[in-house]
*Asks:* 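Please read through the structure below; I'll follow up with questions.
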Amino acid sequence: MRSDLFPGYGARHGLPFLFAHSQPPGMTADQEGGGDEEEEADGGAHGLLRRHYLPSLPLDRVVPGHVLLRRGAISFGSCAALLGGTQPRLLSQRRGAISFDSSDQDAIYVRMLGDVKVRSQASQRRGSFPYVEVRLSLGGSASSGRECQRRRVRRLFSCQRYLHAGQLLNGRPRRPSLHMLDKDYVGQAKCMLLKVENWDFDTFLFERLTNGNELVTLTCHLFHKHDLLRHFDLDLVKLRRFLVMLQDDYHNQNPFHNAVHAADVTQAMNCYLKEPKLASHLTPWDVMVGLLAASAHDVDHPGVNQPFLVKTNHHLASLYQNNSVLEKHHWRSAVGMLRESRLFDHLPTDKRHQFETDLGSLILATDITRQNDYLSSFRSHLDSNDLSLANVKHRHLVLQIALKCADICNPCRMWNISKRWSERVCEEFFNQGDLEKKYNVDVSPLCDRSTQNVPNIQINFMTYVVEPLFVEWARFTGYTLLSRTMLAHMRLNKASWCSLQNQATPMAEGHRSDEDTDNDDEDEKVQLFSSL
Ligand SMILES: Nc1ncnc2c1ncn2[C@@H]1O[C@@H]2COP(=O)(O)O[C@H]2[C@H]1O
Ligand SMILES: [Zn+2]
């Protein structure tokens with residue numbers, strides 16, 4: 001690995017934050033940043049206490065007070081800091097933009113990129129690696145500084161966040177050319193919502209018609225439709241505030257893992273919740289957990305996969321011990337936002353905790369590396385015909401499977417929509433591969449654009465990941481029209497990719513992309529995708 005993958009160096013040279021988080025081997029945090037270290041009497045039985053003052057790196061930033069209070073972000077919002085323990089700036093370690101106390105296990109979550117203040121400065125970009133460069137290029141002019149300051153102030157008025165979701169204030173790129181057409185677009189978006197239960201719902205179009213507010217608009221609509229606001233006595237303002245935060249924390253610049261994907265998965269989840277076999281047993285609680293898990297399941301996704309985070313020693317990988325790293329991060333981020341929004345403040349504590357636990361268990365099920373565990377459990381229940389949906393545990397398993405299906409349902413959409421998702425997901429893989437080459441780390445399977453092609457990736461993904469899951473789902477639903485439609489689309493799409501495969505860029509010699517999969521058993525083929 002090159003030394004410039006490591007912190008300090010990364011931050012100073014404008015390299016991605018993703019790389020600016022750990023220490024070069026053999027170097028302490030203090031050495032790294034030239035920070036001071038001093039010994040203080042703590043006045044207690046411990047005698048002398050060694051404290052590490054964190055260095056101020058060029059890209060370091062002050063964490064504003066309101067951020068300290070919000071979301072329990074890292075240690076600065078975790079119990080130790082809130083209860084008057086260690087001060088954030090005196091914490092024992094730093095990782096990239098953020099300081100944290102590694103001994104504090106109460107942190108709710110760690111933000112991927114730093115804090116809100118920073119994101120509002122680089123309002124056009126979110127995400128890990130292009131991020132620092134954008135910041136640097138914005139850093140120069142006084143007028144841009146003033147504009148950033150203004151934006152930051154406006155952002156504090158959180159009511160504006162939901163009134164003007166998706167625009168200026170929440171850091172999403174403004175979309176050109178709507179202006180006078182806004183009203184027409186809103187009308188058309190409403191029309192689309194009338195058919196929100198149709199499988200041919202086009203989330204890309206919905207994104208345009210809602211001017212980038214697809215996730216907020218769709219989820220709010222579904223909450224109304226399922227009468228969840230009334231049932232749980234929810235405050236609409238708080239719900240919108242939560243959803244705007246959520247939408248805001250998806251990274252628009254990810255070709256695939258962005259808020260449109262979240263909206264797409266939420267729409268699919270709603271279709272599955274409507275399946276008669278399931279719908280008749282679902283409680284409002286199940287519906288609410290299912291919909292919110294779908295909306296939140298990839299929040300703050302950095303556009304690279306877990307192996308990438310592990311091999312670049314990303315702080316999230318160590319925080320979550322290299323295990324379901326991204327999924328845990330999505331879950332904890334969502335919990336942080338839920339708490340900040342106070343959406344469930346009126347519910348009893350045990351209910352709130354129950355909701356957070358259920359949300360986590362659904363989101364963690366989307367970890368594709370665990371696909372076979374869930375699939376075998378589901379299959380064996382179907383084989384023995386012992387699923388009882390009156391049983392809360394069985395219902396929960398079915399909800400997990402439903403969310404898994406929703407997460408990878410893009411190959412089961414109509415060709416013109418499905419193809420766009422396929423191209424986007426491969427673009428994200430290849431972008432990661434480009435980064436890996438650039439920084440001289442192993443290129444992940446399927447991420448090398450010089451040896452892979454889209455049709456081949458799609459055919460394998462459908463054959464070894466999508467089809468086995470949807471076949472079982474169809475069996476569970478009793479081969480409903482929706483299940484048959486999805487399988488039919490998937491098979492047609494696969495045939496289309498097969499015919500396109502012949503025209504695709506030939507693989508480099510010795511690197512046929514199916515080479516790795518030809519002689520392996522199904523499990524290994526799934527694992528190939530699991531590494532994504
Ligand atoms: N069309 C697709 N082709 C290949 N991989 C996909 C496709 N759709 C989803 N995936 C992968 O499936 C994974 C499901 O979990 P993730 O959202 O973490 O990341 C997703 C992608 O890595
Ligand atoms: Zn997803």
Side-chain angles (χ1 to χ4, degrees), residues 192 196-208 214-215 218 250-252 254-272 293-299 301 303 305 326-327 330 363 365-368 371 375 401-432 446-447 452-474 482-498 500-501 526 528-530 532:
M192 281 192 77
V196 74
E197 282 153 25
N198 287 13
W199 189 244
D200 58 6
F201 188 87
D202 180 349
T203 317
F204 293 115
L205 177 60
F206 192 64
E207 183 216 5
R208 282 183 57 78
E214 64 284 346
L215 188 57
L218 179 84
Y250 277 92
H251 301 191
N252 282 338
N254 288 346
F256 183 85
H257 286 107
N258 51 42
V260 191
H261 167 63
D264 192 55
V265 172
T266 308
Q267 191 272 341
M269 185 70 175
N270 184 56
C271 293
Y272 303 156
S295 327
H297 82 283
D298 271 334
V299 68
H301 195 295
N305 61 18
L326 284 167
E327 291 73 20
H330 306 318
I363 293 178
T366 63
D367 180 351
I368 196 98
Q371 166 95 346
L375 188 55
I401 299 290
L403 183 57
K404 290 180 65 53
C405 288
D407 195 20
I408 58 167
C409 74
N410 65 78
C412 304
R413 299 280 190 183
M414 278 159 43
W415 170 248
N416 60 335
I417 296 175
S418 176
K419 183 165 176 276
R420 286 181 75 175
W421 286 121
S422 299
E423 287 164 351
R424 280 163 174 257
V425 78
C426 290
E427 191 188 336
E428 200 168 292
F429 296 163
F430 295 156
N431 287 345
Q432 176 178 324
L446 311 185
C447 291
Q452 299 288 334
N453 63 51
V454 180
N456 202 70
I457 293 174
Q458 291 313 297
I459 293 162
N460 283 319
F461 185 66
M462 290 181 193
T463 308
Y464 301 113
V465 182
V466 182
E467 190 161 12
L469 183 63
F470 279 82
V471 163
E472 299 307 331
W473 180 254
L482 173 59
S483 291
R484 284 181 284 123
T485 305
M486 291 193 298
L487 281 172
H489 280 316
M490 202 258 311
R491 285 165 187 155
L492 281 172
N493 293 338
K494 192 164 144 186
S496 301
W497 285 119
C498 284
L500 282 173
Q501 191 177 33
V526 175
L528 184 62
F529 282 94
S530 300
L532 288 171

*Asks:* Please report the closest heavy-atom contact between A262 and S295, naming both atoms and the distance.
*Replies:* CB-O, 3.6 Å

*Asks:* Measure the CG-CG distance between N460 and L446 for me, rounded to the nearest 0.5 Å.
*Replies:* 8.0 Å

*Asks:* Are any of the side-chain heavy atoms of I457 and V425 separated by less than 4.5 Å?
*Replies:* no

*Asks:* Are any side-chain N or O atoms of H257 and backbone N or O atoms of N254, one a donor and one an acceptor, separated by less than 3.5 Å?
*Replies:* no

*Asks:* Run the side chain to side chain donor-acceptor pair (under 3.5 Å) test against S422 and tell me which residues pass, sequence neighbours left out.
*Replies:* Q458

*Asks:* Scan side-chain atoms only and decide if D407 and H261 contain a donor-acceptor pair under the 3.5 Å cut-off.
*Replies:* yes

*Asks:* Just by distance, do the side chain of T203 and the backbone of V260 share a donor-acceptor pair under 3.5 Å?
*Replies:* no

*Asks:* So, are E423 and K419 salt-bridged, with charged N and O less than 4.0 Å apart?
*Replies:* yes

*Asks:* To the nearest 0.5 Å, how far apart are CE in M414 and CD1 in I417?
*Replies:* 5.0 Å

*Asks:* Any sub-3.5 Å donor-acceptor pair from W199's side-chain atoms to C412's backbone N or O?
*Replies:* yes

*Asks:* Could you tell me whether the side chain of Q371 and the main chain of V465 form a donor-acceptor pair under 3.5 Å?
*Replies:* yes

*Asks:* Which distance, rounded to the nearest 0.5 Å, do you find between the CG of L487 and the CG of L482?
*Replies:* 9.5 Å

*Asks:* Could you check L469 against I401 for side chain to side chain contact (heavy atoms under 4.5 Å, CB included), going step by step and ending with a plain yes or no?
*Replies:* CA-CA 8 Å; L469 183 63; I401 299 290; 4.2 Å; yes

*Asks:* Run the side-chain contact (heavy atoms from CB on, under 4.5 Å) test against E197 and tell me which residues pass, sequence neighbours left out.
*Replies:* K225, N270, K274

*Asks:* Looking at residues at least two apart in the chain, or sitting in another chain, which of them share a side-chain contact (heavy atoms from CB on, under 4.5 Å) with L205?
*Replies:* M192, D202, L209

*Asks:* Looking at every non-hydrogen atom in both residues, tell me the closest pair between A268 and A406 and how far apart they are.
*Replies:* CB-CB, 3.9 Å

*Asks:* Test of understanding: with salt bridge (charged side-chain N to carboxylate O under 4.0 Å, His left out), list the residues that count as partners of D264, not counting sequence neighbours.
*Replies:* R413

*Asks:* Do I408 and I368 have side chains that approach each other closer than 4.5 Å (heavy atoms only, starting at C-beta)?
*Replies:* yes

*Asks:* What residues, two or more places apart in sequence or in another chain, satisfy ring pair (Phe, Tyr, Trp, His ring centres under 6.0 Å) together with F206?
*Replies:* F201

*Asks:* Output the distance between atom NE2 (H297) and atom OG1 (T266), rounded to the nearest 0.5 Å.
*Replies:* 8.0 Å

*Asks:* Go through the structure and list residues passing side chain to side chain donor-acceptor pair (under 3.5 Å) with N258, not counting sequence neighbours.
*Replies:* none

*Asks:* For the atom pair CG (N493) and CE (M490), what is the distance rounded to the nearest 0.5 Å?
*Replies:* 8.5 Å

*Asks:* Only counting residues at least two apart or in another chain, list the ones meeting salt bridge (charged side-chain N to carboxylate O under 4.0 Å, His left out) with E427.
*Replies:* none

*Asks:* Mind checking side-chain contact (heavy atoms from CB on, under 4.5 Å) for A293 and listing every partner two or more places apart, or none if nothing turns up?
*Replies:* L359, L362, I363, L403

*Asks:* Tell me, do F470 and C405 make a side-chain contact under 4.5 Å, heavy atoms counted?
*Replies:* yes

*Asks:* Pair Q452, F430 - check side chain to side chain contact (heavy atoms under 4.5 Å, CB included), show working.
*Replies:* CA-CA 9 Å; Q452 299 288 334; F430 295 156; 3.8 Å; yes

*Asks:* Verify, without hydrogens or angle tests, whether E428 (side chain) and F256 (backbone) share a donor-acceptor contact under 3.5 angstrom.
*Replies:* yes

*Asks:* How far apart are the closest heavy atoms of E327 and D367, and which atoms are they?
*Replies:* OE2-CA, 3.5 Å

*Asks:* Is a side-chain donor or acceptor of E214 paired with a backbone partner of F204 at a separation under 3.5 angstrom?
*Replies:* no

*Asks:* Measure the spacing between CD1 of I459 and CD of Q501 and express it to the nearest 0.5 Å.
*Replies:* 4.0 Å

*Asks:* Identify the two heavy atoms, one from Y250 and one from A296, that lie closest to each other, and give their separation to 0.1 Å.
*Replies:* OH-C, 3.3 Å

*Asks:* Taking C-beta and beyond as the side chain, do Y272 and C409 meet within less than 4.5 Å on heavy atoms?
*Replies:* yes

*Asks:* Using ring pair (Phe, Tyr, Trp, His ring centres under 6.0 Å) as the criterion, list what pairs up with H330, not counting sequence neighbours.
*Replies:* H301

*Asks:* Taking salt bridge (charged side-chain N to carboxylate O under 4.0 Å, His left out) as the test, write out the residues that go with R491, two or more places apart.
*Replies:* E467

*Asks:* Any sub-3.5 Å donor-acceptor pair from K494's side-chain atoms to T463's backbone N or O?
*Replies:* no

*Asks:* Determine the minimum heavy-atom distance between V196 and C271, stating which atoms define it.
*Replies:* O-SG, 4.3 Å

*Asks:* Can you name the salt bridge (charged side-chain N to carboxylate O under 4.0 Å, His left out) partners of E472, sequence neighbours left out?
*Replies:* R379, R475

*Asks:* Could I get the full list of ring pair (Phe, Tyr, Trp, His ring centres under 6.0 Å) partners for W497, not counting sequence neighbours?
*Replies:* W415

